[in-house]
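Excluded from the calculations below are hydrogen atoms, water molecules and symmetry mates; all remaining heavy atoms, backbone and side chain alike, are included. Residue numbers start from 1 in every chain, and the chains themselves are labelled A, B, ... in the order their sequence lines are given, proteins ahead of strands.
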2 protein chains.
Amino acid sequence: MATTMNDERQPNARDLQRLETRRALAEQAIRLFGERGFDQTTVEEIAASAGVSTRTFFLHFPTKAAAAFPDHGERVDDFVQRLNSGDPFVQPLSQLRSVLLARIDTTSPSRLARYALLSRVPELRDEDARTDRDYEEAIAGFLVLHWGSSPEAVVRANAIANAVIGVVRATLSAAGEHGIDARAVTAEILGRLLGVPLDEPLHSVQPNRKPPASPI
Amino acid sequence: MATTMNDERQPNARDLQRLETRRALAEQAIRLFGERGFDQTTVEEIAASAGVSTRTFFLHFPTKAAAAFPDHGERVDDFVQRLNSGDPFVQPLSQLRSVLLARIDTTSPSRLARYALLSRVPELRDEDARTDRDYEEAIAGFLVLHWGSSPEAVVRANAIANAVIGVVRATLSAAGEHGIDARAVTAEILGRLLGVPLDEPLHSVQPNRKPPASPI
DNA sequence: CCATGTTGGTACAGTGAGTGCAGTTAATAC
DNA sequence: GTATTAACTGCACTCACTGTACCAACATGG
């Protein structure tokens, strides 16, 4: 349900300890995955590099691959919050579109580097796809909220959620891999998929609707 | 490279034996996954039910989950062949579109039942997503073949491949789960994504291009 | 400041997926 | 008929991941 509830407290010494352990585990995991490869890295090594026991690793991450995505939960929560915090009179697809594009615009170079790692390591790509399902569910839920939960609406919502996530993943991973600007392609394809709202003209996108020309 | 080479032979007794073992393994795996659930089924049990040793299972399938998709390779090969066997003067996106819709039209009820199982079992859904990457690569390769391999074309091809597979997966799984007709929604969204070719008017699709109305 | 509950971490034993390797047997090729 | 191949087996091994009992440090409330 993506609880955006504020269950904040003053962080204890214990909280800080826990956070630091988690951070160290993720750091060492990402480092070792990059250096030796995913399969050549054991959880035992990650834990030892972070200075904790193997068992502790699994108190922080459910799987070996999950350590490469330490902030996944927060990012999904943030995404959901942005989706739902828009002007309620804006068309939901427009809202979705602008949240997605904003997210691409604010993707840090370090995060892009992570995407580049992702596309090179199949196991991490799998994990990435798995985590993307949280976004799909968020998007589908958001659309169903506006469209109602008739079977047709649900199918439509899921189809669009899947498509949209597919586009973003592909363009972001290309951006990480080849340094390409993800925004233009994403905006163009999202425009076709979700409709091009008139209030935000796109930069480098043709007027649309002509048979998509070969990009050469 | 999806070798569509004909390396056919007369199947001898050994081939038949191998095929039969593989078939029995897949059958028992699917049965047990459905009856007990994925996690509650061990490879040892699958192998025993099929009357072979545990080791033999892994001579036929690389992972436990793969046994639920025994004909994956052939289906991908078939898909690639259909993609490339079209009229070379047809726009590639139109070709892609009609191959995808044809595939949905020819999805057997038994296969739909499998999709329903998929959407209930998270581990199998993961495996499905993993196998879908073969389709993504096939589609992206097909598009790059027509568009050239400039970075922009590659990004575009990958983005569209991801989106298209996402749509098909969502609609097929909804069709399996709720018995909904996958074709209409797929055709509509693919139409928006890939362009609606004039030579094949769609059934239940609005003229497109107006802001996508709430389906309620 | 002490008693008491809480919690992050550890040690250990276990399950099960997946692999490498060295056979065995039976069909096939020559 | 003999040599070869290939499907299958048995066994030992690695490693991801889990359940459980435990400890030690910290938090909390009087």
Side-chain angles (χ1 to χ4, degrees), chain A residues 7-30 32-33 36-70 121-127 130-131, chain B residues 7-30 32-33 36-70 121-127 130-131:
Chain A
D7 43 3
E8 309 287 314
R9 279 173 307 152
Q10 283 307 320
N12 291 344
R14 275 208 271 231
D15 294 332
L16 293 178
Q17 174 60 30
R18 181 164 170 73
L19 268 244
E20 168 54 22
T21 301
R22 182 185 171 84
R23 195 205 54 73
L25 281 170
E27 179 182 281
Q28 296 305 316
I30 292 171
L32 288 169
F33 291 166
R36 311 188 188 175
F38 186 82
D39 282 337
Q40 277 60 53
T41 304
T42 68
V43 172
E44 199 178 341
E45 288 169 340
I46 298 171
S49 302
V52 294
S53 76
T54 305
R55 191 68 184 80
T56 298
F57 178 93
F58 290 104
L59 295 179
H60 286 273
F61 299 105
T63 63
K64 181 167 90 160
F69 305 84
V121 182
E123 292 83 4
L124 292 186
R125 231 189 111 97
D126 290 343
E127 176 68 12
R130 204 168 299 127
T131 62
Chain B
D7 43 3
E8 309 285 315
R9 280 172 307 152
Q10 281 308 318
N12 53 29
R14 269 203 271 222
D15 294 331
L16 293 178
Q17 174 59 30
R18 180 165 172 73
L19 268 243
E20 168 53 23
T21 300
R22 183 184 172 85
R23 193 204 55 73
L25 281 170
E27 180 182 281
Q28 296 305 316
I30 292 170
L32 288 168
F33 291 166
R36 309 189 191 175
F38 185 83
D39 282 338
Q40 278 60 52
T41 305
T42 68
V43 172
E44 199 177 342
E45 289 167 339
I46 299 172
S49 301
V52 294
S53 77
T54 306
R55 192 65 185 83
T56 297
F57 178 93
F58 291 106
L59 294 179
H60 286 272
F61 299 105
T63 64
K64 181 166 89 159
F69 304 85
V121 183
E123 292 83 3
L124 291 186
R125 232 189 111 95
D126 289 343
E127 175 69 11
R130 203 169 300 127
T131 61

**Prompt:** Relative to the 5' end of DNA chain C, which residue comes earlier, A:Thr21 or B:Glu44, by the nucleotide with the nearest heavy atom?
**Reply:**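 Closest to the 5' end, via its nearest nucleotide, is A:Thr21.
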**Residue met sooner reading DNA chain C from 5', once B:Ala13 and B:Thr42 are mapped to nucleotides** = B:Thr42
**Message:** Tell me whether A:Lys64 is salt-bridged to A:Glu123, with the criterion being a basic N under 4.0 Å from an acidic carboxylate O.
**Reply:**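 Salt bridge between A:Lys64 and A:Glu123, a charged N being under 4.0 Å from a carboxylate O: no.
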Given atom [atom1] of [X] and atom [atom2] of [N], what is their separation to the nearest angstrom?
| X | N | atom1 | atom2 | value |
| --- | --- | --- | --- | --- |
| A:Leu19 | C:dG9 | CG | P | 10 Å |
| A:Leu16 | C:dG9 | CG | P | 12 Å |
| A:Arg18 | D:dA25 | CZ | P | 19 Å |
| B:Leu59 | C:dT19 | CG | C1' | 11 Å |
| B:Asp15 | D:dT5 | CG | C1' | 12 Å |
| B:Phe57 | C:dG18 | CZ | P | 8 Å |
| A:Lys64 | D:dT18 | NZ | P | 14 Å |
| B:Phe58 | C:dC21 | CZ | C1' | 16 Å |

When you measure from the side-chain N and O atoms of [X] to the phosphate of [N], is any distance below 4.0 Å, counting only OP1 and OP2?
| X | N | result |
| --- | --- | --- |
| A:Gln17 | C:dG9 | yes |
| A:His60 | C:dG9 | yes |
| A:Thr56 | C:dT10 | yes |

**Request:** Report which part of the nucleic acid B:Thr54 touches: base, sugar-phosphate, or nothing (heavy-atom distance under 4.0 Å, all strands).
**Result:**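 It contacts nothing in the nucleic acid.
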**Asked** Would you say B:Glu44 has more than 12 foreign heavy atoms packed within less than 6.0 Å of its CD?
**Response** no
**Asked** Can you find a donor-acceptor N/O pair under 3.5 angstrom joining the side chain of B:Arg55 to the base of D:dC8?
**Response** no
**Prompt:** Is any N or O donor-acceptor pair between the side chain of B:Arg14 and the base of C:dT28 shorter than 3.5 Å?
**Reply:**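 No.
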**Request:** Please determine, by modelled atom types, if B:Thr21 and B:Gln17 share a side-chain donor-acceptor pair under 3.5 angstrom.
**Result:** yes
**Min side-chain heavy-atom separation A:Gln28-A:Glu45 under 4.5 Å** = no
**Request:** Side-chain contact test, heavy atoms from C-beta onward, threshold under 4.5 Å: evaluate it for A:Asp126 versus A:Arg130 and give yes or no.
**Result:**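 Result yes, sub-4.5 Å side-chain heavy-atom pair found.
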